[in-house]
J.: 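Below you'll find the structure I mean.
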Amino acid sequence: MSKRVTLSFKLNGGLATVTAPPAVSLQRILREALNLTGTKNGCGEGECGACTVLFDGVAVNSCLVPFCQVEGRTIVTIEAFDHSGDAPVHPLLHALVTHGAVQCGFCTPGVVMSAVGLLNHNPNPTRDAIREALAGNLCRCTGYDAIFRALQSLHSVSVMPVPRYREYRGEIRETDRVDVIPVKHLEELKALEVLDSWDLRFLAGGTDLMVSKNGQGKGSAGDMWIDLARCAELQHIRIVDGRMRIGSGVTWAELTTDPHVRQYAPALAQAATQVGSAQIRAKGTLGGNLANASPAGDSFPVLAALKTHVVTVNPGGGTRTIPVEELVIRPGKTCLNSGECIVEVIFPVDARRVSGFFKSVPRCAQALAKVSVAIGLTMDGNVVEEARVALGAAGPRVVLVERAGHCLVGRALSPDAVSECVSASIDAAAPIDDFRATRDYRIRMIEVGIRRVMASLSRQNQRSSPESSPRPE
Amino acid sequence: MKNTMNQSEMKTSDGSGNKTVGRDVIRPDALEKVRGRARYAADLRRPGMVYAATARSSVASLTGLRVDSEDAERMPGVLRVVTAADIPGSTQVPLIYMDQPFLAIDRVRFHGEAVALVVAETMEQARAAAARVKISGEPGDLVLTPEEALADDAPVIFSPPDGLRDAARNVFKSYRICRGNAREALERSAFVIDREYRTPHQEHAYLEPQGMLAEPMDGGCLHIYGSMQCPFYVQDAVAAILGWPRSRITVIQTATGGAFGGKEDMPSIVAGHAALLAWLTDRPVSLIYDREEDFRAMSKRHPSIVRVIIGADARGHVTAADVFVTLDGGAYATLSPIVLWRSAVHAAGPYNWRDVSIHAQAVATHTVPNGAFRGFGEPQVVFAVESAMDELAQRVGKDPLTFRRDNIFQYETDQTATGQTVTQPSLMEALEKATAAVAWDENYHPPADRPPDMMASPVRGVGCSVSFYGVGLGAGGRKLARAGAYVQVEVDGSVRVFIGNTEMGQGARSVIGQIAAETLSAPFEKIHVGRADTSRVPDSGPTVASRTTVMSGNAVMNACMTIRASLETVAAEQFGCDRDALMATGDGFACRLHPATHMAFADTVSHAAAARLPLASSSWFVSPPTSFEEADGQGHAYMTYVWSANAVAVEIDPGTLQVKILKLAAAHDVGKAINPREVRGQIQGGALQGVGFALSETIAYSGRTPTIGSMPGGRMLNPGFSGYICPTAMDAPDIVPIVLETAYDNGPYGARGIGEPPLIGVAPAVANAVANALGVRVRNLPLCPEHILEAIQKQEIAHE
Ligand SMILES: Cc1cc2nc3c(=O)[nH]c(=O)nc-3n(C[C@H](O)[C@H](O)[C@H](O)COP(=O)(O)OP(=O)(O)OC[C@H]3O[C@@H](n4cnc5c(N)ncnc54)[C@H](O)[C@@H]3O)c2cc1C
Ligand code: FES
Ligand code: FES
């Protein structure tokens with residue numbers, strides 16, 4: 001049974017001090033300990049957005065934020081906009097009401113928080129930017145259009161509320177199964193004595209782990225968490241000696257915008273942009289995606305195509321380097337030992353390498369891949385020097401198409417070469433028939449994906465003329 | 001008729017036009033909701049409140065049910081574990097047949113069925129203990145599709161109680177509608193199409209899961225608060241399970257986070273459970289569902305199999321329709337009989353068949369019980385008949401728009417399948433406007449022969465559909481076709497209005513407030529429409545079938561007219577004129593003869609109060625008569641119809657086969673848009689649910705859908721928002737609402753209703769557009785890439 005902890009955080013311009021088990025969600029802290037019921041619960045698994053709050057200014061799903069991670073942070077909830085008495089309604093809320101963007105209202109507080117998260121850094125968003133920012137907020141009533149129009153009507157209005165200072169206190173009396181050990185430096189981890197009795201999990205962004213925890217019984221969430229969120233040594237993106245090193249704690253949001261990633265690993269940036277929703281990308285990490293070992297995890301095909309190694313550290317100090325395509329044994333199970341932590345991923349950087357990603361999805365956001373394709377080609381002029389083709393969700397773990405090299409290396413990207421690569425990939429894949437997609441469709445998408453990515457790589461390669469991209473070494 | 005008289009009275013005193021009706025007033029509830037202040041069921045707290053959770057079967061079919069609650073009872077915080085044996089009153093949910101138990105007895109008929117209840121000090125404790133209740137028995141044979149249920153040797157899921165007509169083993173209900181001789185007429189027809197269409201389960205996906213609070217009160221009373229559409233159904237259910245008189249049970253609806261039919265009958269079960277536990281523990285009990293159990297156990301839209309045989313003569317005029325509708329009702333009858341009735345009445349579409357035959361049946365399977373969902377059995381048949389009309393048009397050699405123009409209802413002599421002559425059919429106008437909005441003439445092209453190569457550039461197409469929607473419960477539910485209202489004007493000029501229908505997001509409180517303001521000539525801000533509360537108004541039937549505006553609206557109007565007589569009396573006295581000379585200003589009255597006169601609403605009220613005139617009134621509205629002859633299905637099925645047309649432009653990626661809707665135009669004749677902005681909101685929101693139904697939404701069951709490993713059959717495979725694909729903000733297409741207003745004589749200010757029509761005709765319009773773009777007809781929803789691929793493969797085989 002876990003101890004309860006007492007933590008403080010900034011809340012709606014005031015200060016909150018709460019005593020509760022460390023692994024319960026921020027959503028429960030707000031609703032149960034502080035009786036701030038404007039934050040709703042529509043699913044408890046990061047899918048609906050009704051629980052959205054601002055976490056240091058960024059929209060996140062409060063159902064997926066563990067209490068232990070809010071210490072010292074700044075949280076803003078819908079209540080910050082609820083000016084008391086006759087104070088005029090906040091302009092953002094007014095716009096929503098006058099545009100007819102509120103029907104049943106259950107999604108509304110979450111929509112407001114996502115909107116604030118967007119408008120804070122983009123005061124005049126386009127409709128597409130609004131769609132993207134709200135993709136993690138399901139609304140079943142309005143058809144969304146009224147919400148879009150409301151946000152577009154604001155024209156640079158300042159959206160941050162100015163609530164009055166207040167102290168919030170509360171507690172959750174229950175205990176729960178999970179204890180949390182925060183780790184700030186890898187040294188602490190190396191020194192950690194892992195007990196056999198622990199059912200240990202690392203906690204990074206929590207977007208997978210909290211789903212298991214909230215779902216009780218659907219997949220175990222363990223009973224001892226090592227919280228990596230404040231471990232600075234896991235947050236880097238840098239290029240050293242011609243190799244890109246990305247810390248396991250880097251989020252999808254950071255990957256979408258990082259200039260190095262965009263330049264040298266465009267496939268990774270493309271994959272990151274398409275993950276979940278804005279809320280999920282703000283919290284979900286690369287390391288968490290790998291360790292979670294889902295066959296549909298988007299990092300696998302991309303990193304495999306980029307020829308990546310995963311670097312880990314064990315309690316006691318030992319480290320390992322594992323090719324990414326060998327990390328997973330079967331769905332949900334990696335080859336990592338208990339307590340073995342992913343520190344970073346490393347892949348070579350080569351200006352002659354082009355890469356691309358294709359994800360077949362059932363909808364435009366909040367979508368697991370039916371199948372995905374990532375390709376990395378190192379080009380010598382028009383000729384392929386090295387080729388890596390990887391398929392996601394096409395088998396129990398990522399499929400690195402071994403024969404792709406035979407089909408492509410030493411040749412130009414001719415239609416014949418691409419067709420051979422398609423056949424080799426389909427042969428290597430073992431897609432299943434399930435409720436998400438049929439086997440036939442997955443096979444077709446492998447072909448479509450490879451052809452599309454190849455076409456775009458061929459265009460990329462033509463654009464980057466040999467003179468402007470100096471050869472390394 | 002009393003109501004028509006009201007209308008004409010209104011016209012004489014309302015010379016300057018409506019003041020509040022027809023305006024985009026701001027919904028009062030929106031202000032509460034947008035600030036996070038609205039309290040939904042899960043937000044309610046009471047001193048001493050305890051929490052309940054439900055233990056559910058993880059097997060779809062069990063006999064010799066045994067429940068072992070020992071472990072669960074020993075879990076921390078647990079007060080009690082309850083099974084059907086603890087129910088003091090009726091063990092059956094009171095609805096049409098009473099075939100569904102509140103808690104399973106002896107048998108389990110679907111995965112997720114409620115078997116036991118746990119009440120504990122916290123929600124976590126209750127849920128943890130519910131997971132420890134051991135449920136066992138002998139697994140029975142499984143029936144997962146209507147075909148299996150109808151087989152001669154099928155295991156029995158449902159056997160009709162004695163004396164029930166038109167039901168049989170595993171058939172909850174059947175209907176027959178017959179006019180002329182369709183079979184013979186089809187034999188003589190120059191062109192005939194005979195096709196089968198299928199639609200899947202659709203989940204409501206209301207954002208707020210089901211939830212109730214039951215609170216014991218003084219004097220042996222019980223109050224129920226929660227998320228619901230039909231407080232009177234809830235009151236019935238609680239009275240039944242406790243065996244109490246209704247007078248001791250008060251049901252108050254709290255802010256309801258979406259419903260769409262899913263909170264019509266299901267809350268009866270949730271409230272019944274909460275009430276039982278509150279009574280047993282004498283504590284307030286909160287029962288809130290989590291999303292997964294809400295998916296597993298709450299009703300869905302009926303899956304359907306619809307066979308359509310329709311014909312046309314050599315000139316392209318439709319001749320006869322022979323339609324066979326089978327709905328999958330799931331494990332219990334719940335609302336299937338009346339859902340089926342609506343399917344049957346609308347199954348032939350708004351076309352001038354000379355001969356019609358419709359057979360409809362609802363069948364039992366070991367899957368979640370299906371019930372009400374926006375459109376109530378109509379989206380299924382409209383998908384079938386509107387797809388078939390396009391197929392017939394192609395056979396005849398006409399484009400689908402011309403073919404519809406030639407054959408839809410146009411004149412007041414035209415007759416529906418039940419032989420009802422239609423009034424004010426504005427379908428042509430709807431069709432012209434919707435198709436014009438997608439630039440039909442420029443975008444329509446004869447359908448492609450075969451689909452393009454997978455690397456080709458995207459292809460485009462357009463499609464349309466027409467539909468009609470009977471407002472209210474119609475003859476199928478005529479016993480419930482009445483509604484009450486209570487209006488009380490306070491001496492300070494503020495007004496309370498109570499109705500028996502609920503606000504669930506659709507804007508009922510705004511529409512009702514506008515009708516009250518208009519009729520009283522009061523400023524809209526003065527009107528407070530209270531929450532639905534069974535102690536305020538008598539049983540007014542359910543909030544379904546787009547009936548609130550007409551039924552409760554008329555009742556409110558009647559009550560307000562009575563009060564208005566008091567107000568007019570004092571105003572006329574003040575101005576020294578006849579009541580006939582008064583004119584409503586939107587805030588009190590003026591005298592037409594003396595333009596400078598004016599008396600504000602609040603002043604008329606204080607004068608009337610001083611004169612001791614009545615300022616409160618309750619009223620009762622009964623719907624115009626309807627009829628339905630069981631033998632041949634002929635009659636005046638509904639009081640009126642909403643006329644609708646949808647037109648869609650799509651773009652399809654030939655590689656991924658993903659359908660992108662470029663534009664969806666939805667035209668609906670609502671009679672009168674009391675609040676035009678909210679009407680547009682209903683259209684856009686309903687249409688987007690239609691888009692989900694068209695493109696992506698479906699429920700998968702093991703044993704019916706391919707599954708990995710050896711999972712037992714009958715389990716729902718996608719009980720959550722990650723596997724159930726409803727449209728996100730990035731998927732929502734441009735939806736253009738087109739509002740037509742042909743006043744309905746018996747509607748308040750001419751209104752008909754709009755809740756459901758927007759969903760109904762979207763899927764066939766999309767299917768028709770896909771066929772136009774790709775040259776491939778997909779006859780099973782959703783139009784997901786997998787189904788399109790299957791259709792392409794079948795067509796390729798046929799071509800070879
Ligand atoms: C709504 C929603 C949408 C999603 N959409 C996508 C999507 O489109 N594509 C996709 O690929 N995924 C998606 N996911 C899954 C998830 O968001 C990602 O896998 C995410 O990257 C996980 O990172 P995290 O930091 O949140 O992991 P956590 O939840 O913190 O951890 C996940 C697992 O990894 C372990 N772990 C974490 N860090 C380490 C480490 N450094 N070393 C060893 N083990 C570690 C944890 O113990 C745990 O078992 C989605 C999830 C949700 C809820
Ligand atoms: S409650 Fe649905 S995302 Fe958190
Ligand atoms: S308003 Fe009901 S879900 Fe958005």
J.: Rounded to the nearest 0.5 Å, how far does CG of A:D145 lie from CG of B:L688?
T.: 10.5 Å

J.: Does any non-hydrogen side-chain atom of A:K370 lie less than 4.5 Å from one of B:E786?
T.: yes

J.: If you count every heavy atom of other residues, nucleotides or ligands that lies below 6.0 Å from B:R132 atom CZ, does the total exceed 12?
T.: no

J.: Would one find more than 12 heavy atoms of other residues, nucleotides or ligands at under 6.0 Å from atom CZ of A:R173?
T.: no

J.: Let me know if A:H90 has heavy atoms under 4.5 Å from chain B in its side chain, its backbone, both or neither.
T.: neither

J.: State, with a plain yes or no, whether a side-chain heavy atom of A:R452 is found less than 4.5 Å away from one of B:M455.
T.: yes

J.: For chain B, which candidate among A:L134, A:V112, A:L138 shows the most heavy-atom pairs at distances under 4.5 Å?
T.: A:L138

J.: Count the heavy-atom pairs under 4.5 Å between each of A:L92, A:N137, A:T108, A:I78 and chain B, then report the option with the highest count.
T.: A:I78

J.: Do A:R436 and B:S722 have side chains that approach each other closer than 4.5 Å (heavy atoms only, starting at C-beta)?
T.: yes

J.: Need one label for A:L96: side chain, backbone, both or neither, based on atoms under 4.5 Å from any heavy atom in chain B.
T.: side chain

J.: Please step through side chain to side chain donor-acceptor pair (under 3.5 Å) for the pair B:E678 and A:Q103, ending with a clear verdict.
T.: CA-CA 9 Å; B:E678 294 302 323; A:Q103 289 190 23; 5.1 Å; no

J.: Quick one: what part of A:V111 sits under 4.5 Å from any heavy atom of chain B, side chain, backbone, both or neither?
T.: neither

J.: Decide yes or no for A:L93 and B:R35: does some side-chain heavy atom of the first lie under 4.5 Å from some side-chain heavy atom of the second?
T.: yes

J.: Can you confirm whether more than 12 heavy atoms, excluding those of A:R439, are under 6.0 Å from its CZ atom?
T.: no

J.: Under a 4.0 Å N-O cut-off, is there an ion pair linking B:D731 with A:R131?
T.: no

